[in-house]
Structure formats: structure tokens, C-alpha cells
Amino acid sequence: MGARLTIAGRRVSTAGAVRAATYLFGQGDARIDCYSEQFAYGHRELILQAAGYDMSCLILGRIPHGGWTRAETIPQRKVLDPIARELPQWMWNEAWVQSARAAGARKVIAIGAPWLYLLRMRNRSTIWETGSVQANNSLAGSGRTLLFPVHSCEDDVITFASMPRKVADLFDPSRTTVCLAWQDFLCRETRLGFESHGFAVECAGYRGTSHAPGSTAGDRTRVLPNVLALIEAHDLVIADAVSTALIYAASLGKLVQVIPGLSFDEGHRETDCDREHGQECAGGCLYQEHPWMQKPGADPHDHRAELADALGWPSLRTRQDLQRLVRVRPGMIAIG
């Protein structure tokens, strides 16, 4: 057994001591890496803005992405820093809070999705603030359609070889926009595949990581505002599986629809499902989320409570609440 040292009252290995020393006494990047998830999709900037904090602040904890999934689909856990201290987690909703607490976490609290703070700051009305609208029961409808394909990840690449033709068979390409995630947008073959069928192709921006966290390159801090602009410019929002973008669109009362099979033969596997449920799941659990989305013309207003629970609408906080609940460290991020 290797040598063990005592760091912050805990017995750790020599390798652990090196990580602890880097975290405790190293440069800012060592700490920032620990909180990298908050930089995805500009979530950090939205929460800081909603709380009235300076953009140089580092949020000392986790702000997750995709918090709308059922907790049993992707169970939550206690999150530790490099010296085994529990990190705070500001969840989207109470279901994720309870899931994390069941796994032993104690520093967890629901504050609502960053998307909801964007809508509040932009004075956009949600389905919880407006009456029901008449749904258009036509699959294609007469307006504009927006497609959010399930996206690639660095370790899970989709080729989209047949999707453009399948979508063109269902929707008028001249009235349909395809929003590709940044990895897929950077793939020339993928972009040209959709453009050659007459689709307009957009990208909301670079997802972002802890690398150069203050940078706005690739529209990192404007991903959700760009998604909002795209959703507002269309009447029907579709995808080949339930996705965060569809949840966002439904919160605004837009018609949404899941059309399974659009990327069925592309060799794609849901890596989160592989880890949690085994390869036999192959993403099937996502189709069990919000099954009403597979019905053409379903009105999101009929599913207000379900969507409120997913996005954490009941947990939305005031500026004063956020300042009381969310811990930050000023001056950690160089803006530019």
C-alpha cells in the first residue's frame, strides 16, 4: 500500500495529495476545472446575471445541464472536490434534489433551470403565465419548422447519412431550419447533407468547457439566447428524441413533436444510457420521457404541471434568494 498523508483532516494517497495541493495552492485553472460544468451553454452567466453578480465570479458548485430528465433515468450523486469535500449542487428541480440526497448528498437545492432565468430577464411569457392556445393538428402545419437532431459527442459521433432525406419526406425543406450542435455543425459533410436538400442550417454556438472560461468565442455565453431566438422564429419544433430544446420550446407554448427513427440507422448510442442502463437500452429510456410529445399536434398547455416539474418552475428564485443560496468567488474569471 502506498504512503498516505493527511490533507484537510482526511487520509489521502500521495497522488491524492498532489491533486489536493494543486487544487488548494495552484493557479486559478486548477480550481476552475473542478467547476467546469457550469460553463456549458452559458449557464453560469445566466445565473450570475439573475443574481446581480459580476461576470468575473466563479460559482462554487455544480449547475447541471439536462435537469429535466427523470431522476431514475440518470440518477444523481454526491459530487466531491479534489480533497473529498462535498460540492454544492444547484439543481433544476426537486426530483433531482431528492435523487442526490438518496445517494448521500446534503448540499443540494433546487433553483430552477437557467433557461427560466433567461425568460424572466427577457420578459418572455411561459405556459404557466398564459392561457391555452389552439394546437395545429397538422404534422407539417403551414408555418415554419425547426429540427434539433440528437447531437454527437466527442465519443459518440452521428453521421446523419439518411436523416436529411427522411426529414425532407415529412417537411418542406424551404420552410424548415435544422439546428445542429457545434460538433455536427463543424462537420462539413453533415452541413452539406442538410443544405443539399434545401434546409437552412444553423448552430446556436459552442457548448463551452472550463478552458478559457471567460471567453465568449463561438457564442458560448449566448447559446441559450440563440436557442430562444430560433424557437421564437418557428411554429413547430421537432426532434428524433426528447431533448432539452424540446422542453424549452414547450415551455413557451410552441408545438413540439418527437419523431423516432429519423437517425435510427446512423449507428448512434446514448452514452449516458450505456453507463446507467447497459447497452441494451440504446437510448430507449429517452422515448419514455414525456410520451405525449410523440403525438402530432399535442398542446404543451395540457402538460403544464409536468413541464413545470421538469424545468423547476416552482423552485425559481428571486435575485435575493440567489444571492443567499449561490456561493461565488469574485475575480476568478478573466473576461475577454
Side-chain angles (χ1 to χ4, degrees), residues 28-68 87-92 111-124 126 146 148 151-154 177 179-186 201-233 237 243-249 251-252 311-312 316-319 322-323 325-336:
D29 287 351
R31 290 181 179 273
I32 291 170
D33 282 343
C34 182
Y35 306 110
S36 62
E37 188 175 5
Q38 67 184 263
F39 297 100
Y41 305 103
H43 288 167
R44 165 186 160 272
E45 284 77 9
L46 286 172
I47 296 301
L48 290 177
Q49 186 178 355
Y53 286 129
D54 185 86
M55 290 297 112
S56 69
C57 292
L58 178 68
I59 297 176
L60 300 178
R62 177 188 180 224
I63 299 176
H65 170 63
W68 56 269
L87 287 177
Q89 299 183 71
W90 294 283
M91 301 298 202
W92 288 22
I111 63 170
W115 170 259
L116 296 181
Y117 293 97
L118 170 65
L119 298 185
R120 174 191 280 175
M121 289 185 287
R122 295 292 183 89
N123 295 316
R124 297 300 197 273
T126 67
L146 177 62
F148 285 98
H151 60 80
S152 298
C153 298
E154 287 84 343
T177 303
C179 183
L180 295 174
W182 70 273
Q183 303 102 316
D184 301 315
F185 187 80
L186 288 175
V201 179
E202 296 280 355
C203 178
Y206 171 52
R207 177 186 186 275
T209 65
S210 59
H211 181 67
S215 173
T216 59
D219 248 7
R220 179 189 68 79
T221 61
R222 290 193 51 79
V223 170
L224 291 193
N226 290 340
V227 167
L228 174 60
L230 280 168
I231 290 173
E232 290 188 319
V237 183
S243 67
T244 310
L246 260 65
I247 302 294
Y248 291 165
S251 73
L252 294 171
L311 284 170
L316 194 62
R317 307 290 178 159
T318 65
R319 171 172 293 198
L322 291 177
Q323 291 179 351
L325 296 171
V326 178
R327 294 174 55 216
V328 300
R329 179 163 295 167
M332 290 290 290
I333 308 299
I335 306 299

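FYI, side chains are in, hydrogens and waters are out, and symmetry mates aren't considered; it's all heavy atoms of this structure. Since we're looking at a predicted model, the values are computed, not measured.
Side-chain atoms of Q323 and Y53, non-hydrogen and from C-beta on, do get closer than 4.5 Å to each other. T216 has its side chain out of reach of R222: every pair of non-hydrogen atoms, C-beta onward, lies at least 4.5 Å apart. Contact annotation: the side chain of L186 never approaches that of C203 to less than 4.5 Å [non-hydrogen atoms, C-beta and beyond]. Using a 4.5 Å heavy-atom cutoff, the side chains of M91 and P64 are in contact. Two residues are said to be in side-chain contact when any heavy atoms from C-beta on lie closer than 4.5 Å; P114 and Y41 fail this criterion. With contacts defined as side-chain heavy-atom distances shorter than 4.5 Å, the pair I333/I32 qualifies. F148 places a side-chain heavy atom less than 4.5 Å from the side chain of V237. Side-chain contact between D54 and L48 is absent, with no heavy-atom pair separated by less than 4.5 Å.
We find the OG-CZ distance between S215 and R220 to be 7.0 Å, quoted to the nearest 0.5 Å. For the atom pair OG1 of T244 and CH2 of W68, the computed distance is 6.0 Å after rounding to the nearest 0.5 Å. Residue L46 holds its CG atom at 9.0 Å from OG1 of T221, rounded to the nearest 0.5 Å. Separation of atoms CH2 (W182) and NE2 (H151) is listed at 11.0 Å; rounding is to 0.5 Å. In this structure, OG1 on T126 lies 9.5 Å from CG on L311, to the nearest 0.5 angstrom. The CD atom of Q183 lies 6.0 Å from the SG atom of C153; values are rounded to the nearest 0.5 Å.
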Quiz item: Between W90 and I59, does a side chain to side chain contact (heavy atoms under 4.5 Å, CB included) hold up when you go through it step by step?
Solution: CA-CA 10 Å; W90 294 283; I59 297 176; 3.5 Å; yes

Exercise. Would you please test Y248 and L228 for side chain to side chain contact (heavy atoms under 4.5 Å, CB included) and show each step?
Key: CA-CA 8 Å; Y248 291 165; L228 174 60; over 6 Å; no

Exercise. Decide side chain to side chain contact (heavy atoms under 4.5 Å, CB included) for I231 and V227; before the verdict, give the C-alpha distance in whole Å, the side-chain angles of both, and the deciding distance to 0.1 Å.
Key: CA-CA 6 Å; I231 290 173; V227 167; 3.7 Å; yes

Quiz item: Where do Q38 and R62 land on the side chain to side chain contact (heavy atoms under 4.5 Å, CB included) test, with the steps shown first?
Solution: CA-CA 6 Å; Q38 67 184 263; R62 177 188 180 224; over 6 Å; no

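E45 and M55 make their closest contact through O-CE, 3.7 Å (heavy atoms, listed as atom of the first residue, atom of the second, distance). Here the closest heavy-atom approach between residue S152 and residue D184 is recorded as OG-OD1, 2.5 Å. The shortest non-hydrogen separation linking P225 to L118 is N-CD2, 3.8 Å. Contact detail for S251 and W115: the closest heavy-atom pair is OG-NE1, 3.0 Å. Across every non-hydrogen atom of C179 and A204, the tightest pair is SG-N, 4.0 Å. What you find for A51 and L322 is that their closest heavy atoms are CB-CB, 3.7 Å.
The local environment of CZ in R327 is sparse, with at most 12 non-hydrogen atoms from other residues, nucleotides or ligands closer than 6.0 Å.
A salt bridge links R124 and E232; the closest N-O separation between the charged side-chain nitrogens and carboxylate oxygens is under 4.0 Å.
Panel note: side chain R207, backbone V223; no donor-acceptor pair is recorded below 3.5 Å. No side-chain donor-acceptor contact under 3.5 Å links R317 to the backbone of L325. Proximity of a side-chain donor or acceptor of R44 to a complementary backbone N or O of P213 within less than 3.5 Å is not detected.
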